[in-house]
Amino acid sequence: MGSFGKAIIFSLLILGFFVYVCYYVTGLSGGSGGSGAKGVNPEAGEEIYWGEGQCSTCHSIGTSGSATRGPNQEGLAARAEERAKERGLTSGLEYLIESIVNPGEYVVDGFDNIMPKVYDAPILLDREQIMAVISYLQTLGGEADIVAINKLKDKIPEASKKKVEPWVPPIVVDASVGEQIFFDEKREVTCSKCHTVNGKGAKVGPDLTGIGAVQTPQYLIESILQPSQVIIKGFETMYLIGTDGMAYTGILQSQTDEETVLLVDEEGEMVEYVFYPEEIEQMQKQDVSIMPGNFSEMLTTYEFYGIVSYLLSLK
Amino acid sequence: MNSFKIFFSLLVILVLQGFVSQVVEAQESSELVQYRNFFGIDARLVVWIVSELHLMFAAFVLGVPMFAVTVEIIGVKSGDIRFDNLAREFTKLLSAAFATTAALGGLLSFCLYGMYPGFMRYMTDVFHPIMFVYALLFFAEAFCLYGYYYSWDILKEKGKWFHIFLGIMLNVFGTTLMFLANSWATFMMSPDGIDLETGAVTSLRAAFDNFLWMPVNLHRLIANVAFGGFVVGAYAAVKFMGSKSDDDKAHYDWMGYIGNFIGLAALIPLPFAGYYLGREIYSSSPVMGNIMMGGAFSWTFIIQAILIGMLFIGGNYYLWNGMDRIEGAERYRKYIPFINIIIFFCFAVWLTPHNLPLSGEERALIGEQYHPFSKFFGVMAAKNAVVNLLILSTFFSFLIYRRANKGEIVKFSQHGNSARIALIITAGLTILYLVWYAMGLRGVELEANIKQYISPLILCIAIQIVAIVVTILMTFANKGKAAQILLLFVTVLIAVVYLAYYGFVVMEKANMVLRFLSVTQVSVVISCLIVNAVIDVFLFKNAKEVGKIRWGKIPLRSQYALLLLCVAIVTLMGLMGFIRSGLRMNWHIYGYMQDTSPGAFTPSISYMGLATALVVVLFLALVSFVFWLAGLGEKKKSSSNA
């Protein structure tokens, strides 16, 4: 082989390595194989799952992705069959359709009813895209059955036709100002002391990375002003009375047979308390969130809408 | 007759009316069209490929003249005809690539106007005066390039400096052209001079001189030189591998060495320019900055780190192989394994992400989300430290390569006053910069409890200034080698060891100070590179040679390192183009004009990998073809001579 031929092969090998790394990193970061596939097939569904559909914001699959808001979808197809039987549905496919079309109908134990309808704003998947995602979900522990999906397609609505007006705050605000306030540690109460965005911040409350893609402005406004309305699973407030008579209110960080760890807010700082079983007199879940409920007093209108705009920009 | 006139008049009116209504209809319908596809192919993909190809050819065409003219000047000053021939060979490649760049530029314009008419209509509304200037400058660049290339023989004897002047003007026009086009791209990222509600232009000057314009100009300018150097290096490598005679081997070995030297020399300051650009992106839009480093694009920087690691490792590997052809280099071989270990360590730290993608079981095993040990490598404090160490190690490789065949040196005092003045001016300017930056740090407006963390940075700069002064005095006292070691040692101590530790301190207690800390690190390292490089020039001027450089006697494997460097830099340019453009997410013009086309979504990294690989293959194929065409005349000449 001539020198030019060797140079070509060597160059192609380097490029092959580059493409391999890109695929590997995509797997690590929870992206798709990304071939631009269209139509109703698992390849297109996978792409939508990790991309436009924003499913990966809440669900990971096995070790791909790191979201914990919703159940891990590994082996979903097999579980869907069992759940279908429990719920009197005819097949696992019907359960998958129900879970997407009407996610509040059945909520998996340990999780909250927070999944949005993906055919409504802001996600707006059309019928074909939802069918593609379902075909992909079928491959997680099973096989895709496109014919069966097509037979049930009338159960899947088309994307909402109503024109989506972008949310506009009532006053002119800047999302970057909202971001500064979110991370401003000099303030009396700082969002990042409890919430993480893109790995930055503390993990006391739910991770807000990608929140703008899955929640509406109304939900975010309510969550800030009335934090106790919806409390994400795993972040409920616990009330604990020790055998010494002391009472503690905080978030349950972990609980084993040997010890119970509670995160308690002490003048704005989250302090970890460890209790051994013999030290606990009583412990019960509260309906009130540990998140302060007086943000309307602590933030100006400008700051408040700045934070909402910033959260909505996290897509 | 009258009825005929009336009939004819009516006919004319009808035809005109029909024509006018068609024109109006066409105008109305054209106003409605915002996006088109290219015969069913996604418009975004087509524009992506064509713009990357145009950018790569443009980088070559802009980067190569800079060092072609420099090499020509060295040739005139040294009287060595080899430099003149090399500059000419560079220009031959340039002239062949120039027409392809222009053709790709035209194709890109048609693609944009055809497939994104709504967006381009607005861009034309804003920038049309500059677009005319751009077109006129293109004439000037073309005339200078052809004048420079075709007048080589005519101006060889009597008009050499006029010939060099033509080359300088070629650079001036080419760089100005790039700056003009950059303003359009950066306007899309950080729009200025327009009303963000209505789009009305309020200031063309502000739109042109937008927030990211100068950072991108600086970054591209340096990157183009590195790009041109490594592409030329690969050209020389292919020619070397196919050479039959010793003379050809010697020539192309030397050409490859020059290409690698230029590429690496430009690569060293490139991370600094990249850091400046990244910082300005954050300043321009914290949301965009967050998307870049903590959001959808954060993983692409791991791939970037791999490619930059390839460049540093490849460049160093080539230098070490090059020492095989230098008699006397064996004295320095003992350092190479240590440099190797340092470079791989730096590379590993750079690659380590802060937030490891762990499964639930792995997380439970570790007990927290971050790895107890590697989590320290994933943050900026550690990454800044290893980047600076990587650069200093590569610089050290350069130093030992330069002195590989040098023996006894001439005392510095014997170089006369010109050497002293040159060194004083270099050190003076460097110190002036450091003082200016330290004064700036003192004046930074921060709250008192945060500002206290600035003082150690000012102290570090003060120590570096003292070290530079001592270095210069030692050099004057004929202790140049020791002086270089001292400055390198102090720099490593400050920029790598102390500031890495201090980086963790400020990250915990005063995060805002981190950005000043990084610039302090960069400033200290750059001051060391500049002062030590100038000392080195004089230190080994007229030094005795303990052996010869046997050009052409380099191991064949080194040529693959040159190929690696070329493929890596082309791929890196493709990747960075994707990141820079993709940061706008679903905006044509960030914050003003939304991209509502089907291609508005951010593609996955794997899709980006495939698209970039396709672009690189197309570029390398095209550039090989163009170089082959450029060599046809030469073959004909040599066969007729035979």
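Below, all heavy atoms of this structure are taken into account, side chains as well, without hydrogens, waters or symmetry copies. Chain letters run A, B, ... following the sequence lines, proteins first and then strands; every chain starts at 1.
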**Asked** Considering only heavy atoms, which portion of A:Phe17 lies under 4.5 Å from any heavy atom of chain B: side chain, backbone, both, or neither?
**Response** side chain
**Message:** Here's a test for you: under side chain to side chain contact (heavy atoms under 4.5 Å, CB included), which of B:Thr300, B:Ile306, B:Ile303 qualifies with A:Val25?
**Reply:** B:Ile303
**Prompt:** How far does CZ of A:Phe18 sit from CG of B:Leu572, to the nearest 0.5 angstrom?
**Reply:** 9.0 Å
**Message:** If we check side chain to side chain contact (heavy atoms under 4.5 Å, CB included) with A:Leu12, which of these qualifies: B:Val617, B:Leu620, B:Val616, B:Val567?
**Reply:** B:Val617
**Request:** Measure the spacing between CG of A:Leu15 and OG1 of B:Thr612 and express it to the nearest 0.5 Å.
**Result:** 9.5 Å
**Message:** Using the rule side chain to side chain contact (heavy atoms under 4.5 Å, CB included), only one of B:Leu564, B:Thr571, B:Val570 pairs with A:Ile14; which is it?
**Reply:** B:Leu564
**Prompt:** For the side chain of A:Thr26 and the backbone of B:Ser606, is there at least one donor-acceptor N/O pair under 3.5 Å apart?
**Reply:** yes
**Interchain contact, B:Leu556 with chain A, by part (heavy-atom threshold 4.5 Å)** = neither
**Shortest non-hydrogen contact from B:Gly609 toward A:Cys22** = CA-SG, 3.6 Å
**Interchain contact, B:Leu45 with chain A, by part (heavy-atom threshold 4.5 Å)** = neither
**Complete:** In this structure, OG of A:Ser3 is separated from CZ of B:Phe240 (nearest 0.5 Å) by 11.0 Å
**Asked** Can you list every pair that meets side chain to side chain donor-acceptor pair (under 3.5 Å) and has a residue in residues 554-566 of chain B, with sequence neighbours left out?
**Response** B:Tyr317-B:Arg557, B:Asn321-B:Arg557
